[in-house]
Amino acid sequence: MRRVFLMGYDTWGEGRPAEAYIEGCFRSAKYKLGSWYVLEMDGTPVSALIIYRDVFRLPPAAAGIGSVATSRDSRRRGHASELIREVSSRLRRMDGSKLFFLYADVDPNIYARLGFVALPDHLQRYQPSICMASGNQSDLARVLSTSAPDYF
């Protein structure tokens with residue numbers, strides 16, 4: 001998990017020393033609420049994300065995708081996109097997940113290419129992160145008119 005946590009250090013490290021950041025990740029109550037998924041290439045983790053269910057005010061049949069990160073030397077190769085597609089597909093098949101939320105801490109266009117749409121401005125509560133959702137049109141329309149989940 002040290003390698004996984006370091007993938008997000010440049011985005012979420014907030015100037016802390018790397019070891020302090022990693023220790024904080026290991027102690028994170030938030031991280032203990034989710035399930036980690038890691039994409040490996042030749043036995044080395046290259047991209048990771050965490051899935052949250054039934055927490056953070058997520059609606060029924062929804063999952064939150066958090067902490068999407070790719071190792072520095074593996075970026076811009078589509079690994080995070082591949083992982084998001086695979087995990088979303090697996091959750092749809094396994095437990096009927098219909099909606100997926102994430103908070104974009106990077107360019108939201110990255111996630112728009114994967115079918116995510118930004119929630120309306122009046123539902124955005126955690127600037128500069130942008131809450132986005134993906135799902136079928138009717139489920140999206142229902143959610144886009146109500147509320148956003150808490151930041152995860």
Side-chain angles (χ1 to χ4, degrees), residues 1-13 24-41 43-72 74-152:
M1 287 304 295
R2 292 178 59 80
R3 283 185 178 174
V4 168
F5 293 148
L6 278 175
M7 288 180 204
Y9 175 65
D10 58 331
T11 300
W12 301 298
C25 291
F26 275 114
R27 288 192 323 263
S28 171
K30 178 175 84 168
Y31 283 171
K32 291 175 182 162
L33 296 174
S35 300
W36 284 96
Y37 291 81
V38 179
L39 176 64
E40 293 183 350
M41 303 294 281
T44 301
V46 295
S47 194
L49 58 79
I50 191 168
I51 294 292
Y52 295 106
R53 304 295 308 261
D54 303 320
V55 291
F56 301 109
R57 295 187 328 119
L58 286 162
I65 300 172
S67 301
V68 178
T70 301
S71 62
R72 272 185 184 260
S74 297
R75 291 178 182 166
R76 302 183 90 45
R77 298 182 190 169
H79 296 310
S81 295
E82 178 184 349
L83 185 59
I84 289 169
R85 281 189 202 101
E86 178 59 33
V87 170
S88 299
S89 177
R90 184 178 297 181
L91 291 174
R92 278 187 200 95
R93 287 190 316 270
M94 288 174 43
D95 64 13
S97 293
K98 295 180 181 182
L99 288 170
F100 297 90
F101 291 90
L102 59 78
Y103 278 90
D105 293 324
V106 296
D107 181 1
N109 291 318
I110 293 169
Y111 301 112
R113 290 190 291 266
L114 296 171
F116 284 84
V117 296
L119 273 60
D121 287 345
H122 71 278
L123 297 178
Q124 300 293 342
R125 301 178 300 173
Y126 301 99
Q127 296 297 331
S129 297
I130 305 296
C131 188
M132 303 181 80
S134 174
N136 71 44
Q137 290 300 318
S138 63
D139 289 327
L140 275 177
R142 178 178 43 83
V143 168
L144 294 176
S145 67
T146 57
S147 68
D150 294 333
Y151 185 85
F152 40 84

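When reading the values below, keep in mind they use all heavy atoms of this one structure, side chains included, and skip hydrogens, waters and symmetry mates.
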### Query
Do side-chain atoms of N136 reach the backbone of D139 as a donor and acceptor pair under 3.5 angstrom?
yes
- prompt: If we only count heavy atoms from C-beta on, is the R113 to N109 side-chain gap below 4.5 Å?
  reply: yes
In short, L39 meets E82 closest at the heavy-atom pair CD2-OE1, 3.9 Å
Are V68 and Y111 packed together at the side-chain level, in the sense that at least one heavy-atom pair is separated by less than 4.5 angstrom?
yes
Worksheet item: Less than 4.5 Å apart, any side-chain heavy atom of V87 and any of F100?
Response: no
One should read off an interatomic distance between L99 CG and S88 OG, to the nearest 0.5 angstrom, of 11.0 Å
Could you tabulate the donor-acceptor pairs under 3.5 Å formed by side-chain atoms of residues 53-66, not counting sequence neighbours?
from, atom 1, to, atom 2, distance (Å)
R53, NE, A62, O, 3.1
R53, NH1, D95, OD1, 3.3
R53, NH1, D95, OD2, 2.3
R53, NH1, S97, OG, 2.9
R57, NE, D150, OD1, 3.0
R57, NH2, A148, O, 2.8

To the nearest 0.5 Å, atom OH of Y37 lies from atom CZ of R90 at 6.5 Å
- Query: Short question: side chain of S74, backbone of T70 - any donor-acceptor pair under 3.5 Å?
  - Reply: no
In this structure, CZ of F152 is separated from OG of S129 (nearest 0.5 Å) by 10.0 Å
Heavy-atom donor-acceptor pair, S47 side chain to A69 backbone, under 3.5 Å = yes
Q | Between R85 and S81: side-chain donor-acceptor atoms closer than 3.5 Å | A | no
So OG of S67 and NZ of K30: to nearest 0.5 Å the spacing works out to 5.0 Å
d(L49 CG, L83 CG) to nearest 0.5 Å is 4.0 Å
Here the gap from D10 atom CG to R75 atom CZ, rounded to the nearest 0.5 Å, amounts to 4.0 Å
Decide yes or no for F26 and R2: does some side-chain heavy atom of the first lie under 4.5 Å from some side-chain heavy atom of the second? yes
In terms of heavy-atom contacts, K32 and R27 come closest through NZ-O, 3.8 Å
Relative to the ring of W36, is the ring of F5 parallel (under 30°), tilted (30 to 60°) or perpendicular (over 60°)? perpendicular
Set out, in order, the CA-CA distance, both residues' side-chain angles and the distance that settles side chain to side chain contact (heavy atoms under 4.5 Å, CB included) for Y31 and C25, then state yes or no.
CA-CA 7 Å; Y31 283 171; C25 291; 3.9 Å; yes
Between L119 and Q124 the two heavy atoms that sit nearest each other are O-NE2, 3.0 Å
- Query: Looking at side-chain heavy atoms only, is the closest gap between P149 and Y52 below 4.5 Å?
  - Reply: no
